[in-house]
Enquirer: 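Next up is a structure, given as structure tokens.
FYI, side chains are in, hydrogens and waters are out, and symmetry mates aren't considered; it's all heavy atoms of this structure. All chains are named by letter (A, B, ...) in the order of the sequence lines, taking the proteins before the strands, and each is independently numbered beginning at 1.
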Amino acid sequence: MTTAAVDQDLARRLSIGLRAYLSFVIAVGLALPLLSLLQDKGTIHVTWLSNTGRSMLPWAIFVAVAFVLFQKFVRRSCMSIAAWALETPGDRYRWVVVGCCLLIFTSYSWQLHIGIAHRGVPGWVYAGMPDVIQPEEPAKLSLPPDIDPAVFKAALQPWVMPYIHRSGYASSEVLFLHFKDGTMRPANYELAMVSWPKSTFGLANGQMTHGPEFLAIVKHNFANRRAGGPFLMPGAISYPSHLNYQRIDYRGYPAAEEIVGASLWTLTVRIDDHAGAVNIVGATKVAQVNG
Amino acid sequence: MIAKLLGPVDFYGRPRPVLALHCYIIQAGAFALALYLFLSWDFSGLALMPADAFVRDARGLLFTYWKTPGLYWTTFQFIYEYIPRPSVGALHAIQMATIVALFCGLFGIFPRAAAWMALLLGSHLIGWFLLGSDTMDASTTVLLFMLFLVALFPRDAYYKIGKRARPLALSNAFHGPVFILLFFMDAYYFYSGLNKIIDIGPGWFLDARLDLFSIAAVEQSLFVSTWSTNLWFSNILSVQVFAGVVAFLVFALELIAPIALFFPRLSPAFLMFFASMHLSIYLSHSYGYWTNTAADFMLLPYTAIVAWIGRAWHRRNGISIAGQPAE
């Protein structure tokens, strides 16, 4: 048997192995949404499987059908890849290229999210998004008599007004930090380090399940930001966090050790587009966490 | 039939010679970006989070089939089923070790070992962040993939201290990392487009209504508690027709990415579109996808650019040269 014949034979075997692997990936890629669908219908119960993957079924069917219909093309491509990988026996990097491509293909086909690859950004829309500014005044607006309205006003950014083109009422939840000197100052959930702090820290019915942990994290991150940046880079030029909250300059605030609690409020403002004015008209406490 | 259809896509064929410079750019870019991120974010606070924030089952919205995402295993989060969770100090030490490794890689000190170390330690920290935060921050995923790519570079593709740099060395071997990164970004964009069809439908661009988001983003900005946005950019994007055109372009180009990115003559234009898309996402949503933007820039055809500069220089000096390969 000549060297070329051995290579040809090896390439053929490698090509078969490659096709077998692709078939396996595509078969599992088809089985996963099918199982997910059955899970959703209650026919089966698999503990590790989510029922949200059923939406991928049409795509998985499309890929499987295309794989079967274009077998000739797949066979020829696998043969070319195998021949290329074996072309220079000393060049191991060709195996790295093939391996990486298979890893990417597998990861996306099975929606694995392995850290170095994920399932792609999900699709979402903003159609039906409610207006932030409502023409009607919300019912039962009130301000707490023991708190100066200026405290709440500090949580507003009036320089946004030139970009607002309608009048009415707008509401938003605002986090306040409480300090030993009796002051309360605005903050936001960026200090809590997570995208969904309410669920992470268990906020429901005015109570926070993990209040001490919440306050510990807020203090930890507040100390960094008060010092000028989230970590070693100055805040103004640091890599933007995925927690895309407004930037607050905490440098004028008391030290982190002075924090004694945090409270969450729903603030309502009245916006007068023509006058360019915004005023606090309501503040309702949602939750309180004490240190 | 497919071969005929993809006839002009010669990128799918045999690799072509690429300059070592292109690999140097990827190496420097990956280490520099990772350094930028790890110097900017403080991961140590994650040690203070409630333990049940890191449990195996993640939010269904983000992890399609698996209740436990793969990163739970690949970033070694599972070890805390057997050992206690680290303290703030321990996480800080891991982050500082990652930073040291990244500095080494950037300055060409044992770059392969530096890339592996930064990948292992950095992915562990990012795994904490993604699981604890219930998010799928795409910029960190792309960053980790770039470190993975650098860790697997062919031996001669690195610039190293103590080794004479040869940025103009031309080899087929240097094509591998470029191809893998292109294939990765290709899959990333295509699946983002596909997810829009799967989650919403083929009419995604009609329902996207980025204009409504932009108006809301501006109005919400009255409060310090809300997400951040660039006011003038959101003001422009609040025009419905403009927002619709942008949504259509994003949707269409993501879906044709598997073909478009592999047309050698067209890919720079597509890559610059995607880089602009990431910039506009930063301006409207404040998500800094700088790693994605940088990946697009890293894939520009540097071999062809250098060849073009060389030809222009030779023409100007009246020297005739043999044709250079185009990448």
Enquirer: Looking only at non-hydrogen atoms, find the nearest pair between B:Thr141 and A:Ile116 and report the distance.
Expert: CG2-C, 3.5 Å
Enquirer: Is a donor on one side and an acceptor on the other found under 3.5 Å between the side chain of B:Ser40 and the backbone of A:Met233?
Expert: no
Enquirer: Does any heavy atom of chain A fall under 4.5 Å from the side chain of B:Ile197, the backbone, both, or neither of them?
Expert: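 When you check distances to chain A, no heavy atom of B:Ile197 falls under 4.5 Å.
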Enquirer: Decide yes or no for A:Leu103 and B:Phe148: does some side-chain heavy atom of the first lie under 4.5 Å from some side-chain heavy atom of the second?
Expert: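 Yes, side chains in contact.
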Enquirer: Heavy-atom distances under 4.5 Å only: say whether B:Phe129 touches chain A with side chain, backbone, both or neither.
Expert: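 Contact with chain A involves the side chain of B:Phe129 alone.
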Enquirer: Measuring heavy-atom distances to chain A, does B:Leu119 have an atom under 4.5 Å in its side chain, in its backbone, in both, or in neither?
Expert: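 Only the side chain of B:Leu119 comes within 4.5 Å of chain A.
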Enquirer: Given a strict heavy-atom distance threshold of 4.5 Å, which part of B:Ile200 is in contact with chain A: side chain, backbone, both, or neither?
Expert: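 Only the side chain of B:Ile200 comes within 4.5 Å of chain A.
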Enquirer: Among B:Leu212, B:Thr74, B:Asp207, B:Ile99, single out the residue with the greatest number of heavy-atom pairs under 4.5 Å to chain A.
Expert: B:Asp207
Enquirer: Where is the tightest heavy-atom contact between A:Ile217 and B:Gly45, given as atom of each residue plus distance?
Expert: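 Minimum heavy-atom separation between A:Ile217 and B:Gly45: CG1-O, 3.8 Å.
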Enquirer: Are any side-chain N or O atoms of B:Ser192 and backbone N or O atoms of A:Val121, one a donor and one an acceptor, separated by less than 3.5 Å?
Expert: yes
Enquirer: Against chain B, label A:Tyr245 side chain, backbone, both or neither, depending on which of its atoms sit under 4.5 Å from a heavy atom there.
Expert: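 Contact with chain B: backbone and side chain both.
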Enquirer: Is it the side chain or the backbone of B:Asp137 that comes within 4.5 Å of chain A heavy atoms, both, or neither?
Expert: both
Enquirer: Nearest heavy-atom pair of B:Asp52 and A:Thr200: which atoms, and what distance?
Expert: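 So the minimum-distance heavy-atom pair works out to OD1-O, 4.5 Å.
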Enquirer: Specify the closest pair of heavy atoms between A:Cys100 and B:Leu152, including all atoms of both residues, with the distance to one decimal.
Expert: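 In this case the closest contact between A:Cys100 and B:Leu152 is SG-CD1, 3.8 Å.
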Enquirer: For the backbone of B:Trp227 and the side chain of A:Gln246, can you confirm whether one donor and one acceptor N or O come within less than 3.5 Å of each other?
Expert: yes
Enquirer: Please check if any side-chain donor atom of B:Ser44 sits under 3.5 Å from a side-chain acceptor atom of A:His220, or the reverse.
Expert: yes
Enquirer: Under the 3.5 angstrom rule, does the side chain of B:Trp66 hit a backbone N or O of A:Trp110 as a donor-acceptor pair?
Expert: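 Yes; judged by distance alone, with no hydrogens or angles, the pair exists.
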Enquirer: Sort out for me which of B:Thr75, B:Ile215, B:Leu46 touches chain A most, counting heavy-atom pairs under 4.5 Å.
Expert: B:Leu46
Enquirer: Look at A:Ala216, A:Ser241, A:Gly229 and state which one has the largest set of heavy-atom pairs under 4.5 Å with chain B.
Expert: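 Sorted descending by pairs with chain B, the first entry is A:Ser241.
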Enquirer: Please identify, among B:Ala47, B:Ser123, B:Ser286, the residue contributing the most non-hydrogen atom pairs under 4.5 Å to chain A.
Expert: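 Heavy-atom pair counts peak at B:Ser286.
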Enquirer: Do side-chain atoms of A:Asn244 reach the backbone of B:His285 as a donor and acceptor pair under 3.5 angstrom?
Expert: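 Answer holds: yes.
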Enquirer: Highest number of heavy-atom pairs under 4.5 Å with chain A: which of B:Ala216, B:Ser234, B:Ser238?
Expert: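 Option with the top pair count is B:Ala216.
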Enquirer: Angle between ring planes, A:Tyr126 versus B:Phe213, binned at 30° and 60°: parallel, tilted or perpendicular?
Expert: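 Rings of A:Tyr126 and B:Phe213: tilted, as their planes differ by 30° to 60°.
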Enquirer: Is the closest side-chain donor-acceptor distance between B:Thr226 and A:Ser172 under 3.5 Å?
Expert: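 Distance-only check fails for B:Thr226 and A:Ser172.
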Enquirer: Would you mind checking which part of A:Pro58 comes under 4.5 Å of any heavy atom in chain B, side chain (CB onward), backbone (N, CA, C, O), both or neither?
Expert: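 For A:Pro58, there is no contact with chain B at all, as no heavy atom is under 4.5 Å.
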Enquirer: Side-chain contact, heavy-atom cut-off 4.5 Å: A:Lys219 with B:Leu48?
Expert: no
Enquirer: Please state whether the side chain, the backbone, both or neither of B:Phe205 comes within less than 4.5 Å of a heavy atom of chain A.
Expert: neither
Enquirer: Examine whether an atom of B:Asp211 lies under 4.5 Å from a heavy atom of chain A, and if so say whether it belongs to the side chain, the backbone or both; otherwise answer neither.
Expert: neither
Enquirer: Given heavy-atom pairs under 4.5 angstrom as the criterion, report whether the side chain, backbone, both or neither of A:Ile271 touches chain B.
Expert: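 The side chain, not the backbone.
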Enquirer: Where on B:Phe190 is there a heavy atom nearer than 4.5 Å to chain A: the side chain, the backbone, both, or neither?
Expert: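 Contact with chain A is through the side chain of B:Phe190 alone.
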Enquirer: Quick check on A:Trp48 against chain B: is it the side chain, the backbone, both or neither that has a heavy atom closer than 4.5 Å?
Expert: both
Enquirer: Measure across A:Pro240 and B:Trp290 and return the closest heavy-atom pair with its distance rounded to 0.1 Å.
Expert: CD-NE1, 3.3 Å
Enquirer: Taking side chain as everything from C-beta outward and backbone as N, CA, C, O, which of these in B:Val142 sits under 4.5 Å from a heavy atom of chain A? Side chain, backbone, both or neither.
Expert: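 Neither part.
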Enquirer: So, does A:Gln111 use its side chain to make a donor-acceptor pair with the main chain of B:Tyr65 at under 3.5 Å?
Expert: no
Enquirer: Checking A:Ser77 against chain B: side chain, backbone, both or neither under 4.5 Å from a heavy atom?
Expert: neither
Enquirer: Rounded to the nearest 0.5 Å, how far apart are CZ of A:Arg119 and CG of B:Leu194?
Expert: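 Atom-to-atom, A:Arg119:CZ and B:Leu194:CG are 9.0 Å apart.
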Enquirer: Under 4.5 Å between any side-chain heavy atoms of A:His165 and B:Asn235, yes or no?
Expert: yes
Enquirer: Looking only at heavy atoms and a cut-off of under 4.5 Å, which of B:Glu254, B:Glu219, B:Arg209 has the most pairs with chain A?
Expert: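 Top option by heavy-atom pairs under 4.5 Å: B:Glu219.
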Enquirer: Look at B:Phe145, B:Phe251, B:Tyr289 and state which one has the largest set of heavy-atom pairs under 4.5 Å with chain A.
Expert: B:Phe145
Enquirer: Select one option (side chain, backbone, both, neither) describing which atoms of B:Leu143 are under 4.5 Å from chain A's heavy atoms.
Expert: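 It is neither, since no heavy atom gets under 4.5 Å.
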Enquirer: Heavy-atom distance under 4.5 Å to chain B: side chain of A:Ser107, backbone, both or neither?
Expert: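 For A:Ser107, no heavy atom lies under 4.5 Å from chain B.
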Enquirer: Report yes or no: does A:Trp124 contribute a side-chain atom to a donor-acceptor pair with the main-chain N or O of B:Lys196 at less than 3.5 Å?
Expert: no
Enquirer: How are the rings of B:His92 and A:Phe231 set relative to one another: parallel (under 30°), tilted (30 to 60°) or perpendicular (over 60°)?
Expert: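 Aromatic pair B:His92/A:Phe231 classed perpendicular.
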Enquirer: What closest approach, in Å, do A:Glu213 and B:Met49 show between heavy atoms, and which atom pair accounts for it?
Expert: CG-C, 4.5 Å
Enquirer: Does any heavy atom of chain B fall under 4.5 Å from the side chain of A:Ile248, the backbone, both, or neither of them?
Expert: side chain
Enquirer: Hey, does the side chain of A:Asp91 reach the backbone of B:Ala173 with a donor-acceptor pair shorter than 3.5 angstrom?
Expert: no
Enquirer: Tell me, side chain or backbone of A:Leu243 under 4.5 Å from chain B's heavy atoms, or both, or neither?
Expert: side chain
Enquirer: Can you tell which part of A:Arg166 gets under 4.5 Å to a heavy atom of chain B, answering side chain, backbone, both or neither?
Expert: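 The side chain, not the backbone.
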Enquirer: Answer with side chain, backbone, both or neither: which region of A:His210 has an atom nearer than 4.5 Å to a non-hydrogen atom of chain B?
Expert: side chain
